[in-house]
*Asks:* 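Structure below; questions to follow.
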Amino acid sequence: MRVERLVSMANDIGAFFDAEPDKAEAARSVANHLKRFWDPRMRKEIVAHYESGGEGLDEPARSGVQLLAGAGGP
Amino acid sequence: MYALDHVDAGTPSSPSTRLVTLDIDGVTVTVPEGTSLMRAASSVGLQIPKLCATDTLKAFGSCRLCLVEIEGRRGYPASCTTQAADGLKVRTQSPKLAALRRNVMELYVSDHPLECVTCSANGHCELQDMAEVVGVTDTRYGLTGANHLAATPDASNPYFTFDPSMCIVCSRCVRACDEVQGTLALTIQSRGFASTVSASQHEPFMTSECVSCGACVEACPTVALTEKSVIERGVADRAVTTTCAYCGVGCSFKAETRGGEIVRMVPNRDGQANHGHACVKGRFAFGYATHPDRITTPMIRRSIDDPWQEVTWDEAIDHTAREFRRIQATYGKDSIGGITSSRCTNEETFLVQKLVRAAFGNNNVDTCARVCHSPTGYGLKQTIGESAGTQRFDSVMKADVIVVVGANPTDGHPVFASQLKRRLREGAKLIVVDPRQIQLVRTPHIEAAYHLQLRPGTNVALFTALAHVVVTEGLAREAYVSERCEADSYEKWKQFVADPRHSPEATEAVTGVPADLVRGAARLYASAANGAIYYGLGVTEHSQGTTMVMAIANLAMSTGNLGREGVGVNPLRGQNNVQGSCDMGSFPHEFSGYRHVSDPDVRSSFERAWGVPLEAEPGLRIPNMLEAALDGSFKGIYIQGEDPAQSDPDTQHVTAAFAAMECVVVQDLFLTESAKYAHVFLPGSSFLEKDGTFTNAERRISRVRRVMPPRAGLADWEVTVRLANALGYPMHYRHPSEIMDEIARLTPTFTGVSFDKIDRLGSIQWPCNDAAPEGTPTMHVGAFVRGKGKFFLTEYIPTNERTTRKYPLILTTGRILTQYNVGAQTRRTRNTAWTSEDVLEIHPHDAELRGIKDGDWVGVTSRSGEIVLRADVTERVRPGVVYTTFHFPESGANVVTTENSDWATNCPEYKVTAVEVMQVNEPSEWQKRFRAFTDRQLELLKGEQPAHV
């Protein structure tokens, strides 16, 4: 899939959870959302993009994807 | 004329719980206080003659046929306007009453000769019936006096005629328009013998304010107002009770037939969603079901450039199964998927998702709710614990303040709008939140207390500002919140919304709504004894659709407006079975009953029932499938009853994705826009051709019953069963009731549902289980489904779709009364007499700046594409905003909409597209290509290879 579209979608998710003052919780929420609602191929692609620098990923989308990457993979 | 099998009680029922007992013709009768003598008599089988009375309208007392005698009282009171009381002794028959009634009837007959044999209502006319009942076959007054027999009929309406010569001026039509529909389009003009029914200012019905709901036609006791279909086909001889297949109101109808042919649809007075009312679509627009465009033979082709080849069902099903298995063998198990339909039954929807999960072996199943109400499912589940509206429609009759946000009920949900208007006429206050001046803002006898005419895309800022007022002015119901909501989430939310940056004054620059209006509206809603919120796609179809649903839930929780009659959060669902298709497990991440596929207990219950291992990971959503098709990892799709090539955003993106697939299977009634990109066409069946259930916006499960055989030989559920069997996954259902039994076994909120119980109760609102064996009209009573209600922080985040100098206007889209969704049904009915094209509404100021006059052709250009529409210069839209509908494929409204979508659900942002509008004199390039492609596909449909290919 177009990685820029995945980045855009991840950033939208991150922007919602960014209202949460506790940024660690916000990152967990992003990761959880990706895990529960994104098809595995999409998660693999966003994690691969993150691992290759994650261009375009805002906070806390980046933090969320980082958690996803670290939690036993996407 | 009312339904064939309706026994009319004469006046409405009384809601009183106090009973009175009286004697009627020697029979002891006990009825609720407030019941008319006429209805009391009817309750024990005594039918008092009547003409101006019917049980959907208040008593009127004009025809003088229903006179009775009451012991100890003088005169002959009308039984329709006299209430039952303890100890009354009533006589409905006596020589004097008979003489009085005969005399009245003779006067009627002197102007309405009983030439019944040649009348199209013969055998189903109340004047004819009453003449017989009172023993009148002729009139002493003769037929040579003054009469109306030469009056000119009005046949302007496509669906009914008005013949004044047949009118007895009983005012039932006028009262129906006032009391039932609430349009007040009809009146009685002149006085005495010159009295005549008049539409608007004595205009033809077609050009009057009449909205063709048909309430007047049904109320008419004679043939004065009659369906043209009755005139053409004769009075029906059979009726089947079923459920409408248009909007999410889910009206119950009697489908009346003669010789297997539909004569008319009559709204069911016992219908629990509609109480005997209907709209122009449900009542009249059923002609599509027998339209010659219906495709009734399966077809296949190798590529979309090849002619279609008609095949047998077996050949089509076997070919589809072979193609899907070939694709999976080549590209992997996850390279195919399916889309369920909100126009199909619960049972059909359940089977399609089962087919995908069990036979395809993946979770790549989605439904068209993705593009309308998916944020409702997500947002309400998170905040209050269940993905559904909280009330029944009747609840609105107890609301004191009603907020309508991002919905246009008079057009989108007309029957509910009539009920809403009744409540508003009783004195409830209305707050409208909408960029457009929808009809509810100001309509006869109704004016909104507040119209918050916000800029499209700023819902969240506005609702957070409303919450700011509630919190900072001490209007929150703290005791309610403390008892029913999570304390920490509430405290965090309170602190969040109280921030001055969320005040109405601070957000005015964003929303465009004056701060004092926001404060006034917040105070009105928060201080209401019962405040109810109704919303539509103007809430969900935004990049912050889910955030807005949460903001609505936050506001309702903070003001204590959930968990009883008269309040609630009420999504108005677009299509007939949006709620049901979501309930049935159509989303790629969850099984029926909104349970995540990763839950091992839930998954194992399905694995045991279905006998196969199931995937624990979420599958692809519709937009993800399209993306995956373009990257080459998704190659085949089974689409039952949906048309993404017209309904989904960024049309060119959608059609490119279809063109990239190797096997597109479309099951539908017509060669839809998506079917033009298909390799297999499986003929669908209309709602009149099958059994099943639909679930409306109030969670009401109602029966769909077969009125005629499937024109292609198979109902949709039978096609899915055959496809599963061909794929090697056995399905053995003999009737849709067995599918519902399986749903009930596997879904905790449906355990008490069965066809038998629905037949017995009329309908059932889920949850229906041991805790609520007859269903649940109001949810969250006493406690929220999730336990404690949870508040979410709703930061306003502007959409990425920004206006610029190049695209300075915001396009927002919606629907109109006479057309429905992609128009595949309503375009193939006489509804095109009202609307035959999509137009662009533009404010006079914006039009003048661009030199655009009403009716000009204008180009609408966005970052996605360009279309050409005719301009409608109107103040319904505010400056800076333009509006159109998406009912006609050649308009291509979704060519200009973008890929922006809701953060949580990918629901497209249909409501905000930055555009420029300018005068043009020819169709857009897309429209030229569309026309050529369509022409070619229509030639291929005939089995012909176009010469130029």
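Each chain gets a letter, A, B and so on, in the order its sequence line appears, and its residues count up from 1.
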*Asks:* With a 4.5 angstrom heavy-atom cut-off, which part of B:Asn800 approaches chain A: side chain, backbone, both or neither?
*Replies:* side chain
*Asks:* Select one option (side chain, backbone, both, neither) describing which atoms of B:Asn364 are under 4.5 Å from chain A's heavy atoms.
*Replies:* side chain
*Asks:* Side chain, backbone, both or neither: which part of A:Met1 has an atom under 4.5 Å from a heavy atom of chain B?
*Replies:* both
*Asks:* In Å and rounded to the nearest 0.5 Å, what is the CE to CG distance from A:Met9 to B:Asn900?
*Replies:*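 Going from CE on A:Met9 over to CG on B:Asn900, the span is 12.0 Å.
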*Asks:* Run the side-chain contact (heavy atoms from CB on, under 4.5 Å) check on A:Glu45 and B:Asp631 step by step: do they pass?
*Replies:* CA-CA 12 Å; A:Glu45 288 182 37; B:Asp631 83 4; 4.2 Å; yes
*Asks:* Does a sphere of radius 6.0 Å around CD in A:Glu4 hold more than 12 heavy atoms from other residues, nucleotides or ligands, not counting ones at 6.0 Å or beyond?
*Replies:* yes
*Asks:* Rounded to the nearest 0.5 Å, what's the gap from CD on B:Glu795 to CZ on A:Phe17? Could you check?
*Replies:* 14.0 Å
*Asks:* Indicate yes or no: at least one non-hydrogen side-chain atom of A:Arg43 is less than 4.5 angstrom from one of B:Glu617.
*Replies:*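 Yes, their side chains come closer than 4.5 Å.
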*Asks:* Any heavy-atom pair between the side chains of A:Arg41 and B:Leu620 that's under 4.5 Å?
*Replies:* yes
*Asks:* Determine the interplanar angle of the A:Phe16 and B:Trp903 rings, folded into 0 to 90°, and report it as parallel if under 30°, tilted if 30 to 60°, perpendicular if over 60°.
*Replies:* parallel
*Asks:* Tell me, side chain or backbone of B:Ser543 under 4.5 Å from chain A's heavy atoms, or both, or neither?
*Replies:*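 B:Ser543 has no heavy atom closer than 4.5 Å to chain A.
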*Asks:* Please classify the contact of B:Thr905 with chain A as side chain, backbone, both or neither, using a heavy-atom distance under 4.5 Å.
*Replies:* neither
*Asks:* Quick check: does any side chain N or O of A:Arg5 sit under 3.5 Å from a backbone N or O of B:Glu899, one acting as donor and the other as acceptor?
*Replies:*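 Side chain of A:Arg5 to backbone of B:Glu899, a donor-acceptor pair under 3.5 Å: yes, one is there.
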*Asks:* Rounded to the nearest 0.5 Å, what separates atom CG in A:Asp12 from atom OG1 in B:Thr546?
*Replies:* 11.0 Å
*Asks:* By a 4.5 Å heavy-atom criterion (distance strictly below it), what part of B:Tyr378 contacts chain A: side chain, backbone, both, or neither?
*Replies:* side chain
*Asks:* Kindly compute the distance separating CZ (A:Phe37) from CG (B:Asn906), expressed to the nearest 0.5 Å.
*Replies:*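 It is 11.5 Å, given to the nearest 0.5 Å.
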*Asks:* Among B:Ser598, B:Ala904, B:Pro588, which residue has the highest count of heavy-atom pairs closer than 4.5 Å to chain A?
*Replies:* B:Ala904
*Asks:* Sort B:Asn363 into side chain, backbone, both or neither according to what part of it lies under 4.5 angstrom from a heavy atom of chain A.
*Replies:* neither
*Asks:* List the atom of A:Pro21, the atom of B:Leu793, and the distance in Å for their closest heavy-atom pair.
*Replies:*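 Result for this residue pair: CD-CD1, 4.0 Å.
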*Asks:* By a 4.5 Å heavy-atom criterion (distance strictly below it), what part of B:Met550 contacts chain A: side chain, backbone, both, or neither?
*Replies:*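 Looking at B:Met550, just its side chain touches chain A.
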*Asks:* Between A:Arg36 and B:Pro618, what is the shortest heavy-atom contact and its length?
*Replies:*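 Heavy-atom minimum between the residues: O-CG, 3.5 Å.
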